[in-house]
Enquirer: 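Got a structure here, written out as structure tokens. Questions coming.
Chain letters run A, B, ... following the sequence lines, proteins first, then strands; residues in each count from 1.
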Amino acid sequence: MSETPRAKTFVFMDLEATGLPNVDPEIAEISLFAVHRSSLENFVRDDKGMPVLPRVLDKLTLCMSPQRPFSAKASEITGLSSEGLARCQKASFDGAVVRTLQAFLSRQEGPLCLVAHNGFDYDFPLLCTELQRLGAHLPPDTICLDTLPALRGLDRAHSHGTRAQGRKGYSLGSLFHRYFQLEPSAAHSAEGDVYTLLMVFLHRAGELLAWADEQPHHWAHIGPMYTPPEPLSLHD
DNA sequence: TGCCAGGCCCTCTTTAGGGCCTT
């Protein structure tokens, strides 16, 4: 019997931020789709084979103004900019964001499993950094699933003994195209990418649920991407 | 001037190199 209870709600997430880890990025947009395990176990497909989005789905998407500038590339691909966010009077990733996030998560049956693509190397450490800066925490029994190594691992196990034909792409867009022969819509909006992630997950739902159950990664073991700079002193 | 992620995976590998993946 596993010591870790199976997650009851899967929270699919994506972050848009000011850049890649080499610039110590800050979050500019976060999107979460919370889906109960029962919906993932019992989803249906339409007549074209596309998974039908679960009818019962909680969504949260928030934009916020980072305190440091966007890299040119990040601004280009996300369509977000410091000026645009400031014009809309968006506050930074602050206590209000944390309380909203915690309230959203508290509505879901736990334990929770956060799901992100390349989450171990990007989304989870970056979210951890922002939460740590504010002294905030997620529920202690939260686990997390990174669909990038999970899908690579599943495919490797599937093709064991046979030579895989060529090197497959495992970007979120590549997976969506491979599974559905379609281009993902609204790439690099946080909500668009979470939708793409959820569709990719549903296509392999049985295997990915088993993966999450059999090798849970605890949120408590996620470390920050970097140490945030000290808050500005009142004395300059 | 030079600094400017990092863990994983594949292969023309293992005494290594290079590309992927996230913005």
Enquirer: From CG of A:Asn118 over to C1' of B:dG7, roughly how many Å is that when rounded to an integer?
Expert: 9 Å
Enquirer: A:Thr18 and A:Glu26: side-chain donor and acceptor closer than 3.5 Å?
Expert: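 No donor-acceptor contact under 3.5 Å links the two side chains.
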Enquirer: What interatomic distance, in whole Å, is found between C1' of B:dG17 and the corresponding atom of B:dC12?
Expert: 10 Å
Enquirer: NA contact type, A:Gly169, heavy-atom cut-off 4.0 Å: base, sugar-phosphate, or nothing?
Expert: sugar-phosphate
Enquirer: What is the separation between atom CG on A:Asp155 and atom P on B:dC10, rounded to the nearest whole Å?
Expert: 10 Å
Enquirer: Categorize A:Phe70 for me: base, sugar-phosphate, or nothing, with a 4.0 angstrom heavy-atom threshold over every strand shown.
Expert: nothing
Enquirer: Identify whether any heavy atom of A:Leu172 sits under 4.0 Å from a base atom; if not, whether one sits that close to sugar-phosphate; answer base, sugar-phosphate or nothing.
Expert: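 Sugar-phosphate only.
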Enquirer: Regarding A:His117 and A:Thr196, do their side chains bring together a donor and an acceptor under 3.5 Å, going by distance alone?
Expert: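 The answer is no; no qualifying pair exists.
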Enquirer: I'd like to know if A:Glu83 and A:Arg87 make a salt bridge, using a cut-off of under 4.0 Å between side-chain N and carboxylate O.
Expert: no
Enquirer: What interatomic distance, in whole Å, is found between P of B:dG7 and the corresponding atom of B:dT1?
Expert: 31 Å
Enquirer: Give me the atom names and distance for the closest heavy-atom approach of A:Ser31 to A:Val194.
Expert: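 Minimum heavy-atom contact is O-CG2, 3.5 Å.
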Enquirer: Does A:Asp146 come within less than 4.0 Å of A:Arg152, counting only side-chain N to carboxylate O?
Expert: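 Between A:Arg152 and A:Asp146 there is no salt bridge, as every charged N stays at least 4.0 Å from the carboxylate O atoms.
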Enquirer: Considering heavy-atom distances to DNA chain B, does A:Leu15 or A:Pro149 have its closest nucleotide positioned more toward the 5' end?
Expert: A:Pro149
Enquirer: Send over the distance from A:Leu20 CG to B:dT23 C1', rounded to a whole Å.
Expert: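 It is 4 Å, rounded to the nearest whole Å.
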Enquirer: Does a side chain donor of either A:Asp155 or A:Tyr170 reach within less than 3.5 Å of an acceptor in the other side chain?
Expert: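 Yes, side-chain donor-acceptor contact under 3.5 Å.
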Enquirer: What's the closest nucleotide to the side chain of A:Glu16 if the choices are B:dT23, B:dA5, B:dC21?
Expert: B:dT23
Enquirer: In whole Å, what is the span from the OH atom of A:Tyr122 to the C1' atom of B:dC20?
Expert: 16 Å
Enquirer: Would you mind classifying the nucleic acid contact of A:Asp14 as base, sugar-phosphate or nothing, using non-hydrogen atoms under 4.0 angstrom?
Expert: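 Sugar-phosphate only.
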Enquirer: Within this structure, what is the CG-to-C1' distance between A:Asn22 and B:dG6, rounded to whole angstrom?
Expert: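 That distance rounds to 10 Å.
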Enquirer: Taking only the side-chain nitrogens and oxygens of A:His188, find out if one of them lies under 4.0 Å from OP1 or OP2 of B:dT23.
Expert: yes
Enquirer: Closest nucleotide of DNA chain B for A:Asp121 versus for A:Thr78: which of these residues is on the 5' side?
Expert: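 The residue closer to the strand's 5' end, by nearest nucleotide, is A:Asp121.
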Enquirer: Of the non-hydrogen atoms in A:Leu202 and A:Phe43, which two are nearest, and what is the gap between them?
Expert: O-CZ, 3.0 Å
Enquirer: Between B:dG6 and B:dT23, how far is it from one C1' atom to the other, in whole Å?
Expert: 15 Å
Enquirer: Within less than 4.0 Å of OP1 or OP2 of B:dC8, is there a side-chain N or O belonging to A:Arg152?
Expert: no
Enquirer: Can you tell me how far C1' in B:dG2 sits from the matching atom in B:dG18, rounded to whole Å?
Expert: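 To the nearest whole Å, 23 Å.
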Enquirer: Atom CZ of A:Arg156 and atom C1' of B:dC20: how far apart are they, to the nearest Å?
Expert: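 A:Arg156 atom CZ is separated from B:dC20 atom C1' by 14 Å.
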Enquirer: For atom C1', what is the distance between B:dC21 and B:dT15, given to the nearest Å?
Expert: 29 Å
Enquirer: Tell me the interatomic distance from A:Tyr226, atom OH, to B:dA5, atom P, rounded to whole angstroms.
Expert: 15 Å
Enquirer: For atom NE2 of A:His137, decide whether the heavy atoms of other residues, nucleotides or ligands shown that lie under 6.0 angstrom number more than 12.
Expert: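 Check fails, neighbour count at 12 or below.
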Enquirer: With the threshold set at under 4.0 Å for non-hydrogen atoms, list the residues of residues 193-211 of chain A touching DNA chain B in residue-number order.
Expert: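 Hits under 4.0 Å, by residue number: A:Asp193.
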Enquirer: Using whole Å, what does the distance between atom P of nucleotide B:dC20 and atom NE2 of A:His117 come to?
Expert: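 My rounded result for the distance is 14 Å.
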